[in-house]
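Below is one structure, written out as structure tokens; comments come after it.
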Amino acid sequence: MQLCQTNAELALALSAAREEGRRIGFVPTMGALHEGHLSLIRQSKADGHFTIVSVFVNPLQFGDGEDFESYPRTLGVDARLVTDTGGDVLYAPTPQAVFPEGAGLPEPDPGELGDSYEGAARPGHFAGVLKVVSRLLDLVSPDAIYLGQKDAQQVALIRRMVAEQLESGMRQPVSVVVMPTIRDDSGLAMSSRNRRLSEAELEIARTIYPALVSAAASGKDASAICELAKAALSPEARLDYLEVVDEQFEKVQGKPPAGSRLIVAANVGSVRLIDNVLIGGE
Ligand code: AMP
């Protein structure tokens with residue numbers, strides 16, 4: 001596994017792989033890697049790709065008062081995990097390498113979807129996500145990008161951005177591969193922020209997934225599904241939103257169409273948790 005900390009090192013590693021006829025798989029992350037991230041690396045390897053894993057805590061996607069400074073940074077451990085999982089390159093750039101001053105980088109517009117759900121709670125978040133993903137796609141030029149279903153709204157926005165950039169001719173085709181959410185034994189979706197939960201908070205957080213699963217399997221209309229899930233959640237989980245949305249992330253009224261998801265965000269202690277399940281089961 002090669003550690004690249006500059007764009008020049010990354011470009012060299014990529015051109016050597018291309019010369020060998022390798023296809024490139026790309027796994028963007030903010031580090032503090034866990035099984036969720038590793039599942040993306042494993043899939044990229046299983047697809048035969050020369051696999052680039054980026055670790056970059058993107059300042060643009062954190063709002064004022066969010067945890068940019070205290071976001072876990074564990075590069076040494078991450079490097080070992082990427083090595084053990086078969087990743088070929090760990091790209092860990094500085095903010096200056098990703099966003100050089102005055103570079104006039106594209107700023108893809110998240111549109112209305114960027115202002116709802118996660119975007120409503122975190123103004124500017126998705127503009128920051130799309131800007132960094134667009135930039136990283138330019139630097140890596142992968143054949144496939146691997147994303148986790150846990151961040152369902154992010155997936156919807158990145159899919160749309162990639163399609164628009166392809167259509168406008170600014171990007172070569174890149175497959176967007178979405179992998180299922182990896183959970184701990186209790187069903188809690190793995191997240192780098194879970195390590196901040198105390199034992200008591202973990203108990204509360206662990207009510208989220210079973211509440212979603214039983215409500216999503218109920219066969220009821222959207223509003224009844226939400227009521228069921230709310231009733232099953234620990235009252236100590238401070239709900240931000242709980243909604244049924246379709247594949248375009250439009251709120252569903254009545255019977256959910258195929259592909260709809262029950263999505264949730266809740267605050268437990270100081271940690272914001274998000275999760276989602278497919279209506280009718282994965
Ligand atoms: P992050 O480091 O949180 O920005 O996440 C990097 C990538 O890993 C994103 O595509 C996430 O959706 C994905 N990811 C994070 N947690 C999980 C999980 N529990 N299961 C599957 N993918 C995940």
Side-chain angles (χ1 to χ4, degrees), residues 25-46 49 51-63 66-68 70-75 77-79 81-82 85 87 90-93 95 98 117-118 122 125-137 140 142 144-162 174-197 202 205-206 208-209 212-213 249 261 263-265 271-278 282:
F26 177 43
V27 180
T29 83
M30 298 205 300
L33 302 182
H34 52 63
E35 276 300 316
H37 302 112
L38 303 186
S39 73
L40 307 181
I41 302 174
R42 287 197 191 100
Q43 187 62 48
S44 173
K45 291 301 292 183
H49 290 134
T51 298
I52 314 283
V53 181
S54 65
V55 167
F56 179 63
V57 185
N58 171 29
L60 300 185
Q61 69 189 70
F62 288 78
E66 288 190 358
D67 57 350
F68 173 68
S70 63
Y71 195 85
R73 288 164 172 85
T74 58
L75 191 59
V77 179
D78 291 347
L81 288 169
V82 173
T85 316
L90 173 53
Y91 171 55
V98 178
Y117 306 112
E118 282 312 285
R122 309 180 66 186
H125 171 69
F126 285 120
V129 169
L130 293 188
K131 184 165 177 178
V132 79
V133 172
S134 176
R135 170 67 169 153
L136 292 171
L137 285 172
V140 178
I145 179 171
Y146 292 81
L147 304 172
Q149 183 64 65
K150 183 175 91 79
D151 297 281
Q153 191 176 1
Q154 172 170 285
V155 166
L157 281 158
I158 292 175
R159 270 194 196 287
R160 198 181 63 192
M161 177 188 78
V162 166
V174 45
S175 344
V176 178
V177 182
V178 182
M179 298 300 293
T181 302
I182 303 294
R183 304 175 178 282
D184 72 11
D185 292 343
S186 76
L188 178 63
M190 288 195 178
S191 160
S192 307
R193 292 184 171 106
N194 290 356
R195 59 188 75 189
R196 299 217 190 100
L197 295 167
L202 269 172
R206 287 182 174 137
I208 295 174
Y209 180 59
L212 295 185
V213 169
F249 251 79
R261 290 190 165 266
I263 60 169
V264 68
V271 182
R272 180 183 173 80
L273 299 168
I274 60 170
D275 202 349
N276 67 87
V277 299
L278 193 64
E282 300 287 342

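In each ligand, atom 1 is the first atom listed, and ligand 1 is the first ligand listed. Only a predicted model underlies this, so the values are computations on that prediction, with no experimental measurement involved. Position 1 is the first residue of the sequence; numbering continues from there.
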Between ligand 1 and the protein, tabulate every N or O atom pair separated by less than 3.5 Å, reporting distance only.
unit_1   : atom_1 : unit_2 : atom_2 : d
ligand 1 : 2 (O)  : Met30  : N      : 2.9
ligand 1 : 2 (O)  : His37  : NE2    : 2.9
ligand 1 : 5 (O)  : His37  : NE2    : 3.4
ligand 1 : 10 (O) : Gly148 : N      : 3.0
ligand 1 : 12 (O) : Gly148 : N      : 3.3
ligand 1 : 12 (O) : Gly148 : O      : 3.2
ligand 1 : 12 (O) : Asp151 : OD2    : 2.6
ligand 1 : 16 (N) : Met190 : O      : 3.4
ligand 1 : 19 (N) : Ile182 : O      : 2.9
ligand 1 : 19 (N) : Met190 : N      : 3.4
ligand 1 : 19 (N) : Met190 : O      : 2.9
ligand 1 : 20 (N) : Ile182 : N      : 2.8

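- Counting only residues at least two apart or in different chains, salt bridge (charged side-chain N to carboxylate O under 4.0 Å, His left out) contacts with residues 180-192 comprise Arg183-Asp275, Asp184-Arg206.
- Residue pairs meeting the salt bridge (charged side-chain N to carboxylate O under 4.0 Å, His left out) criterion with at least one partner in residues 30-40, sequence neighbours excluded, are Glu35-Arg42.
- Side-chain contact between Leu212 and Val264: present, with at least one pair of heavy atoms (C-beta onward) separated by less than 4.5 Å.
- At distances below 3.5 Å, at least one donor-acceptor pair connects side-chain atoms of Asp78 with backbone N or O atoms of Ala32.
- In terms of the ring pair (Phe, Tyr, Trp, His ring centres under 6.0 Å) criterion, residue partners of Phe62 (sequence neighbours excluded) are, by chain and number, Phe68, Tyr71.
- Using a 4.5 Å heavy-atom cutoff, the side chains of Leu90 and Leu75 are in contact.
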